[in-house]
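Encoded as structure tokens, the structure appears first; notes follow it.
Please read these numbers as outputs of a predicted model, since none were measured by experiment. As a basis for the values below, the full set of heavy atoms in this structure was taken, side chains included, without hydrogen atoms, waters or symmetry mates.
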Amino acid sequence: MKWFRVQPQPDFPRARRRTDLVVISAVSDGEWSGVEDLLDSLRTYIDCSYEVVFADDASSDGTHERLLDSGCWVVRNPSKLRLAGLNLSLRRAMLEGYRLFDAPLFLKIDPDALIIGPGIMSAVREHFDASPATGLLGTYKIDWNGAPRDLSYWRDQMLRRSADFQEVLDLAMHAGYEPGDGVQGGAYFFTRTCLSRMIAAGWLEGRGGYQPSIEHAYRISEDTLFTMLVYASGHIAKDIGGPGQPFGLWDKGLPMAPEELVRQGRLVTHAIKYADETSLAARHYFRLLRQQHALRAGA
């Protein structure tokens, strides 16, 4: 009887196409007007090649079809996971973006956030280049107004439910992570190197000691969990959203008037909802700015 040595499976390349940036977002019913503005802001102000990957939470209002018609790549949940499943939805989109595209930078951005001016890519590259250990840039420990962010609520929530990922939390804390710390989830940039280490560890697929349950995940924000993974991967997170920096994010509406955001040179903002008068006025203001920028660029 002859024995044949089983040949190992070849290591196929993970990416199908090169690009400079992959944009990751998640959407559900009722958010298309935000998505439409977000996509237009990307077209207007992102001055490099990019691709967009959306996690679609089983939308039934035509959002799925519109995303495909807009040229986005879509990971569609088979049934609604809602806020409790946001962490899982985004992990799936991140994995798909990593598999499809060889990009050095990734931007996670909510559908109620916008790019509001030119130059964000050069600013982000400058921050990453100045600190090679940095894997994540966002509004982190310093708020838009210079005040320290109070992350105590998320610390308590994380420690209560840490059994789902204690091994990973221990790794992160050994690298300097404080339980509950996290960037503001409206928008943040991260590197492919950082993401690749998370994927190699199996964390984005719910392996390697990282299994946040769907039932409890809504009590720990996805940005808190993702920041923990950044530290566990051997990287750090840094601020890019304080005074004099290009992010202008808040989770309770815009941090300041649209005109003031522009005056301060902020280039990314959040949160702009879809129905109240203040949000609609802000959307109209930023839409006019994009039209003016496009006219100047085409002149």
Could you see if F54 belongs to whatever hydrophobic cluster contains I24? Use Ile, Leu, Val, Met, Phe, Trp, Tyr and a side-chain cutoff under 4.5 Å.
no
Any idea which heavy atoms bring P179 and L159 closest together, and the distance?
CB-CD2, 3.8 Å
Compare every heavy atom of T227 with every heavy atom of G182, then report the nearest pair and how far apart it is.
CA-OG1, 3.3 Å
For the residue pair Y45 and H293, does the interplanar ring angle fall in the parallel (under 30°), tilted (30 to 60°) or perpendicular (over 60°) class?
tilted
All heavy atoms of G97 vs all of V53, minimum pair found to be CA-CG2, 4.0 Å
For the side chain of R149 and the backbone of W144, is there at least one donor-acceptor N/O pair under 3.5 Å apart?
no
Tell me if the aromatic rings of F190 and F226 count as close, with their centers under 6.0 Å from one another.
yes
I need the R155 CZ to D181 CG distance, nearest 0.5 Å.
9.5 Å
Would M228 end up clustered with L171 when hydrophobic side chains under 4.5 Å apart are linked, directly or stepwise?
yes
Is it true that a side-chain atom of S41 and a backbone atom of L38 form a donor plus acceptor pair closer than 3.5 Å?
yes
I'd like to know whether S196 forms a side chain to side chain donor-acceptor pair (under 3.5 Å) with T193, so could you lay out the CA-CA distance, the side-chain angles of the two residues, the decisive distance to 0.1 Å, and finally the verdict.
CA-CA 5 Å; S196 67; T193 302; 5.4 Å; no
Drop me the distance from R43's CZ to I46's CD1, to the nearest 0.5 angstrom.
12.0 Å
Going through the distances and angles, do Y188 and D223 end up as a side chain to side chain contact (heavy atoms under 4.5 Å, CB included)?
CA-CA 9 Å; Y188 50 82; D223 39 27; 4.2 Å; yes
Does W203 share a hydrophobic cluster with L169, counting links as ILVMFWY side-chain heavy atoms below 4.5 Å and allowing steps through other members?
yes
Pairs under 3.5 angstrom only: tabulate donor-acceptor contacts from the side chains of residues 237-249 to other protein residues two or more places apart or in another chain.
unit_1	atom_1	unit_2	atom_2	d
D239	OD1	Y140	N	2.7
D239	OD1	K141	N	3.2
D239	OD1	I142	N	3.3
D239	OD2	K141	N	3.2
D239	OD2	I142	N	3.4
Q245	OE1	G241	N	3.0
Q245	OE1	G242	N	2.9
Q245	NE2	D239	O	3.4

Of all residues at least two apart in sequence or in a different chain, which pass the side chain to side chain contact (heavy atoms under 4.5 Å, CB included) check with N145?
D143, A147
Show me, pair by pair, the donor-acceptor contacts under 3.5 angstrom made by side chains of residues 126-136, not counting sequence neighbours?
unit_1	atom_1	unit_2	atom_2	d
H127	ND1	A123	O	3.0
S131	OG	T134	OG1	2.7
T134	OG1	S131	O	3.2

If I compare all heavy atoms of G185 with all of D110, which pair ends up nearest, and what's the gap?
O-OD1, 3.5 Å
So, S279 side chain and A275 main chain: donor-acceptor pair closer than 3.5 Å or not?
no
For S59 and S28, run side chain to side chain donor-acceptor pair (under 3.5 Å): C-alpha distance rounded to whole Å, both residues' side-chain angles, the deciding distance at 0.1 Å, then the answer.
CA-CA 5 Å; S59 63; S28 189; over 6 Å; no
If every non-hydrogen atom of G30 is compared with every non-hydrogen atom of D61, which pair is closest and at what distance?
N-OD2, 2.8 Å
Closest approach of P258 to Y285 (non-hydrogen atoms, all atoms of both residues):
CB-CD2, 3.3 Å
Can you measure from CD (E36) to OH (Y274) and round to the nearest 0.5 angstrom?
12.5 Å
Measure the CG-CZ distance between L67 and R76 for me, rounded to the nearest 0.5 Å.
9.5 Å
Given 3.5 Å as the limit, does a donor-acceptor pair link the side chain of T224 with the main chain of I220, or not?
no
Just jot down the salt bridge (charged side-chain N to carboxylate O under 4.0 Å, His left out) partners of R160, sequence neighbours excluded, or say none.
none
Distance col, row T191:OG1 vs R197:CZ, nearest 0.5 angstrom, shows 8.5 Å
Salt bridge (charged side-chain N to carboxylate O under 4.0 Å, His left out) involving D47 - partner list, sequence neighbours excluded
none
Measure from the side-chain N and O atoms of R283 to the backbone N and O of I272, and report whether any donor-acceptor pair falls under 3.5 Å.
yes
Excluding sequence neighbours, so at least two apart, what forms side chain to side chain contact (heavy atoms under 4.5 Å, CB included) with E205?
L95, R207
Nearest 0.5 Å, what's the CG-CG distance between N77 and D57?
5.0 Å
